[in-house]
Amino acid sequence: MTTRISKLPTSIPGFDSIADGGLPKGRTTLLAGTAGSAKTVFAAQFLAEGIGIYGESGVFITFEESPDDIRRNVISLGWEIQGWEEEGRWRFVDASPHPDGEVVIGAYDLGALLARIENAIQSIRGATGLNGFGRCHLQPLH
Amino acid sequence: MMEISARYQLKLYVTGQTPRSERVIARVREIAREYLPGDCEPLVIDVLEEPQMAERDRILATPTLIRQFPLPVRRIIGDLADRPRVLAELGLDDVDYDLRHSTH
C-alpha cells in the first residue's frame with residue numbers, strides 16, 4: 001500500500017480533476033509549453049485563486065516580461081492584483097532583463113536573486129499571518 | 001580631476017561577508033583610491049542585510065558593481081578580476097596617469 005502524494009488544489013477549472021486533485025503539495029512543479037500556450041496565465045491564475053479562494057498569498061518571479069506588463073494582462077483577465085499587492089498578498093520579484101544592460105567580468109553567483117525571493121516570501125508570510133504557507137511561482141523559461 | 005571624481009558614484013552589491021566578497025570590495029576600493037581621488041567611497045551593500053535595496057536596483061547576481069554616475073548607468077557582474085576590462089567599462093581606461101595623480 002503506497003501513500004498518495006498530497007495535492008494542492010489550483011481551482012483552475014478542469015485542471016484539478018485531470019491532475020488528480022491539483023499540483024503536488026510542497027514540491028516544485030515545472031510547467032512546460034511552447035510560446036503562447038498560456039503558461040503565464042496558468043501561473044497567474046494559480047496565484048489568484050490561491051489568494052481569492054483559499055486566502056493564501058503568492059510570489060510571482062518573472063524572468064522575461066516586466067511586472068507592469070503582467071499586471072496589465074492579469075488585470076484584464078479580471079483579477080485585481082493591485083489590491084492584493086497593497087495588502088502584501090501578491091508580490092512580484094522582477095528578474096526581467098534590466099534596461100541598462102549588464103556586462104559580465106569574472107565569476108558570480110545568484111545570491112542577490114535568492115535573497116530577494118527569500119525576502120518576498122518572508123513579507124507575504126507576515127501579511128497573511130500564516131506560517132510557511134504561500135504559493136510561489138517561478139516564471140518558466142522558454 | 002576633482003570634478004571628474006565628484007561625478008563618480010559607485011555601488012557594489014555582495015552576498016555576505018565571504019572571502020569572495022572581501023576580494024571584490026578590495027578591488028573596487030583600490031580602483032576608487034587610485035583613479036577617483038576625493039569624495040568617491042564606493043557604497044557597499046550586502047544583499048542579505050538589505051534585500052530591499054537589491055530589489056529596487058533589480059540585482060540578480062553578486063557581485064554586481066553599478067556606476068550610478070556619470071551617466072549612462074553601467075552595471076558590471078562578476079568578481080572583477082580582469083582589471084583592464086573593468087576600467088574600460090567604468091570609463092577610466094583613458095584617464096592619464098599624471099592627471100589622476102595631480103590632485104595628491
Side-chain angles (χ1 to χ4, degrees), chain A residues 57-71 81-82 84-127 132 134 136-142, chain B residues 9-21 23-28 31 44-93:
Chain A
S57 49
V59 176
F60 195 116
I61 304 154
T62 174
F63 286 89
E64 279 190 354
E65 292 173 85
S66 71
D68 264 351
D69 284 346
I70 293 168
R71 214 174 269 127
I81 62 165
Q82 261 164 333
W84 292 335
E85 284 188 89
E86 281 160 24
E87 293 164 16
R89 308 173 69 84
W90 178 302
R91 272 281 305 265
F92 277 110
V93 173
D94 183 4
S96 62
H98 198 282
D100 288 330
E102 280 162 339
V103 297
V104 177
I105 305 179
Y108 63 90
D109 56 43
L110 294 174
L113 177 61
L114 296 177
R116 289 169 60 192
I117 293 171
E118 188 62 38
N119 180 52
I121 292 170
Q122 293 299 335
S123 80
I124 60 163
R125 278 180 187 166
C136 196
H137 163 59
L138 196 64
Q139 169 76 2
L141 296 165
H142 300 294
Chain B
Q9 223 179 84
L10 301 178
K11 212 192 266 187
L12 177 65
Y13 281 94
V14 295
T15 301
Q17 290 166 358
T18 62
R20 184 191 237 175
S21 298
R23 220 163 23 239
V24 75
I25 291 167
R27 282 175 184 145
V28 171
I31 288 172
V44 177
I45 299 153
D46 183 348
V47 298
L48 300 180
E49 285 166 20
E50 310 262 16
Q52 305 89 339
M53 287 191 73
E55 188 65 42
R56 226 171 3 252
D57 277 333
R58 288 166 58 182
I59 306 297
L60 301 181
T62 48
T64 293
L65 175 64
I66 303 181
R67 186 189 77 177
Q68 297 276 103
F69 293 104
L71 297 172
V73 173
R74 292 266 163 82
R75 293 162 68 102
I76 309 172
I77 291 170
D79 61 14
L80 312 180
D82 186 345
R83 190 174 150 123
R85 275 195 68 200
V86 177
L87 291 175
E89 202 55 43
L90 291 174
L92 294 170
D93 54 337

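First the proteins, then the strands, lettered A, B, ... as listed; each starts at 1.
For chain B, the option among A:D109, A:V93, A:D94 with the highest count of heavy-atom pairs below 4.5 Å is A:D109. The residue among A:A120, A:A115, A:G106 with the most heavy atom pairs within less than 4.5 Å of chain B is A:G106. When each of B:L80, B:D57, B:T62, B:T64 is scored by its heavy-atom pairs under 4.5 Å with chain A, the top score falls to B:T62.
Scored by the side chain to side chain contact (heavy atoms under 4.5 Å, CB included) test, B:A54 finds A:R116, B:Y13, B:V47, B:I59 as partners (sequence neighbours excluded). For B:R74, the side chain to side chain contact (heavy atoms under 4.5 Å, CB included) partners at least two apart in sequence or on another chain are B:R67, B:P72, B:E89.
For B:D46, no part lies under 4.5 angstrom from a heavy atom of chain A.
When all heavy atoms are compared, the tightest approach of A:R71 to A:F92 is NH2-CD1, 3.6 Å.
Listed for the B:R23 side chain is no donor-acceptor partner under 3.5 Å among the backbone atoms of B:D79.
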